[in-house]
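Right, one structure below, let's go through it.
Ligands are counted one by one from 1 in listed order, and the atoms in each one are counted from 1 as well.
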Amino acid sequence: MKQGSGLPVFPGVAIGKVVVYQKAKRREAVSSGDAAVEQAKFDAACETAKEQLSRLYEKAKAELGEEQAAIVEVQMLMLDDLDYLEAVADEIANGAAAATAAAECGESMALVFAALDDEYMKARCADIRDVSQRVAGILSGADDFKLPDGSFLLAAEDLAPSETIQLPRDRILAFVTQGGSSSSHTAILARTLNIPSLVQSDIDLQDAAQCEVLAVDGFTGNWYMDPDAETLAMLTKKQAEAAADREALEVYRGKKSITKSGKQILLCANIGCPEDAEAAVAGDAEGIGLMRSEFLYLGRDSLPSEDELFEAYKKVAEIMGERPVVIRTLDIGADKQVDYMDLDKEENPALGLRGLRICLTRVDEIFRPQLRAIYRASAYGNLNVMFPMVASVWELQEAKALCKQIREELEAEGIPTKDVPIGVMIETPAAAVLAHELAKEAAFFSVGTNDLTQYTLAVDRQNAKLGRFYDPYHPALMALLAHIAKSANEAGIWAGICGELGADPKLTETFVRMGFSELSMAPGRILGTRKIVCESEE
Ligand code: PEP
Ligand code: MG
């Protein structure tokens, strides 16, 4: 038995066979010396690539919706692109091996696209590279990522959003990654799927590939390879207890979350993509307290269009119906980077151009389409909008002015909109200290305790080595939280918590006592929190 640990992102125990996710490695391509043979090999590889992409397209469409599947569709079209096919044929005629020609022509086309002025064409560069490498991979015998039948735990260095969309969500028992953070895409997906997972783990992928059984304890953060009988018995017992605990919570399904003294707390879900709203409903969420819009911008190679954003927000609004949905505008920067935005490399990205700062800096390109999409979708449900990383009152005022302008613009265009309450994420110490001032301008507050902890304590939330210094129970943080709730209550607006701390059972009662009336968390944590609220004397 080997064992180690990582940062747990969801409690529970998973035991099963492990799949190690490794990006495919290619063998050196050697030409047969016969151009006709190489051309035939290339043509056959294109057919195989089309079949693979068509399976991937169907799967992505069924599991993630048309929008995400469109990434695959674009790549399928490229395999019929005459410029590409002719360039490859010429190179093969000049003596190149099929795999070399496939990869090299793809790369030179990608570079041409990257240099174009048109943003859309520029963004196709990554697709060309991806699809030509797929063909080259087939030709040079790279191992395609193979999944076993049945359920499995997935071990990986890290997983990009474009990689997670290819995974069969219903068969994954746990993720164990070497990289990632508690707010990485893998972690958020793990919470949405209710699977015990570890990020920043010390797992050795070569060892993992050799082991028969991997076990993950999402309560302690430990992993075990081929656990001995005693460990296995301990884990199986824990697993059974966790299942019984989950079952016992079912009595709270469909109930309101009201304390014994009559305070009602709205228990909402945090989501990343529109499909997660279904998990929120399954978890009995009373609304969406945080939709992290940036996930609509990740795993792709160009900015989503206003229409794409509109469809995504509309889908969430429709799934949630009357229940409130809080959409956070784009919070890219710091730990969440996208190449196509060409953001400068910063010395201190957590203190850099991120969150609302990017939106207020690149209004026409980024903020406007997003706000138009939110207002257009407002007609389909109960939408609220909130801005991340606010530090000054003027930032909120500027964003609010733009919202007003956009609503008027849409009305003038004859597009129906509803009033969208505008709130602020309180996640900088400045916003917390100034909560009483911000409360005059905001319709609600939602505290991002992940960042508020990082900035208040000056401790990087991404740095696993700082572990015990990242103390979300720190008295300074508790004092800020109390001040935020008090300021909101005095101004007659609601305040909630959508950071990780919102789901911390040790603090639920404290938050109720402070005056928070909404807590937002992973869907799988809702029933457990409702039990605590209902049993509370507060
Ligand atoms: C937070 O900072 O607590 C938060 C909810 O936002 P994110 O984790 O996405 O930065
Ligand atoms: Mg944050």
Side-chain angles (χ1 to χ4, degrees), residues 7 9-10 161 180-192 199-200 267-273 276 280 285 287-298 325-338 348-359 384-391 395-396 423-432 435 444-463 470-474 476-478 480-481 484-485 495-504 507 511 516 518-523 525:
L7 184 68
V9 295
F10 195 78
S181 70
S182 71
S183 58
S184 62
H185 189 68
T186 315
I188 289 175
L189 186 61
R191 289 191 209 105
T192 308
V199 294
Q200 295 174 3
L267 296 184
C268 298
N270 291 350
I271 63 167
C273 60
D276 294 346
I288 301 294
L290 168 67
M291 173 169 181
R292 288 181 159 101
S293 283
E294 54 279 10
F295 286 96
L296 304 173
Y297 292 70
L298 298 175
V325 173
V326 179
I327 295 174
R328 168 173 84 186
T329 55
L330 180 67
D331 188 15
I332 223 84
D335 55 318
K336 301 166 204 135
Q337 291 289 341
V338 286
N348 275 312
L351 305 181
L353 192 64
R354 59 167 295 197
L356 184 63
R357 298 170 191 175
I358 294 185
C359 290
N384 299 256
V385 65
M386 72 175 173
F387 306 120
M389 288 298 297
V390 170
E395 295 164 356
L396 173 61
V424 183
M425 265 195 99
I426 306 285
E427 50 184 353
T428 65
F444 62 91
F445 288 158
S446 184
V447 189
T449 49
N450 308 339
D451 276 317
L452 189 58
T453 307
Q454 143 164 289
Y455 295 124
T456 304
L457 305 182
V459 173
D460 181 355
R461 66 190 257 191
Q462 299 288 108
N463 187 341
Y470 184 92
D471 172 15
Y473 304 110
H474 195 288
L477 201 72
M478 292 301 125
L480 289 179
L481 286 168
I484 295 164
I497 297 181
C498 63
E500 288 305 299
L501 224 52
D504 189 326
L507 287 175
F511 292 150
F516 287 100
E518 186 247 21
L519 299 172
S520 193
M521 58 199 70
R525 309 296 292 265

TODO: Run down the list Arg328, Glu294, Gln454 and name the one with the heavy atom closest to atom 9 (O) of ligand 1.
DONE: Arg328

Task: Shortest-distance N, O or S atom of Asp451 relative to the Mg ion (ligand 2) - done: OD2

- [ ] Would you give the length of the straight line joining atom CD of Glu500 to atom CZ of Arg461, rounded to the nearest 0.5 angstrom?
- [x] 8.5 Å

TODO: Show which atoms of ligand 1 fall inside a sub-4.0 Å distance from at least one heavy-atom site of Glu427.
DONE: 1 (C), 2 (O), 6 (O)

- [ ] Starting at CZ of Arg525, measure out to CG of Asn270 and round the result to the nearest 0.5 Å.
- [x] 11.0 Å

Task: Non-hydrogen side-chain atoms of Pro388 and Glu294 separated by less than 4.5 Å - done: no

Task: Salt-bridge contact Asp276-Arg292 (side-chain N to carboxylate O under 4.0 Å) - done: no

Open item on the list: With carbon and hydrogen excluded and only N/O/S kept, which atom of Glu427 is nearest the Mg ion (ligand 2)?
Closed with: OE1

Task: Heavy-atom side-chain contact between Leu501 and Leu477 under 4.5 Å - done: yes

Open item on the list: Out of all atoms in ligand 1, which are within 4.0 Å of some heavy atom of Met425? Include the element for each.
Closed with: 4 (C), 5 (C), 6 (O)

TODO: For atom 10 (O) of ligand 1, state which one of Arg292, Glu500, Arg461 supplies the nearest heavy atom.
DONE: Arg461

TODO: Run the numbers for me: atoms of ligand 1, each under 4.0 Å from some heavy atom of Leu290, listed by number.
DONE: 5 (C)

Open item on the list: Regarding Glu395 and Arg357, does a basic nitrogen lie under 4.0 Å from an acidic carboxylate oxygen?
Closed with: no

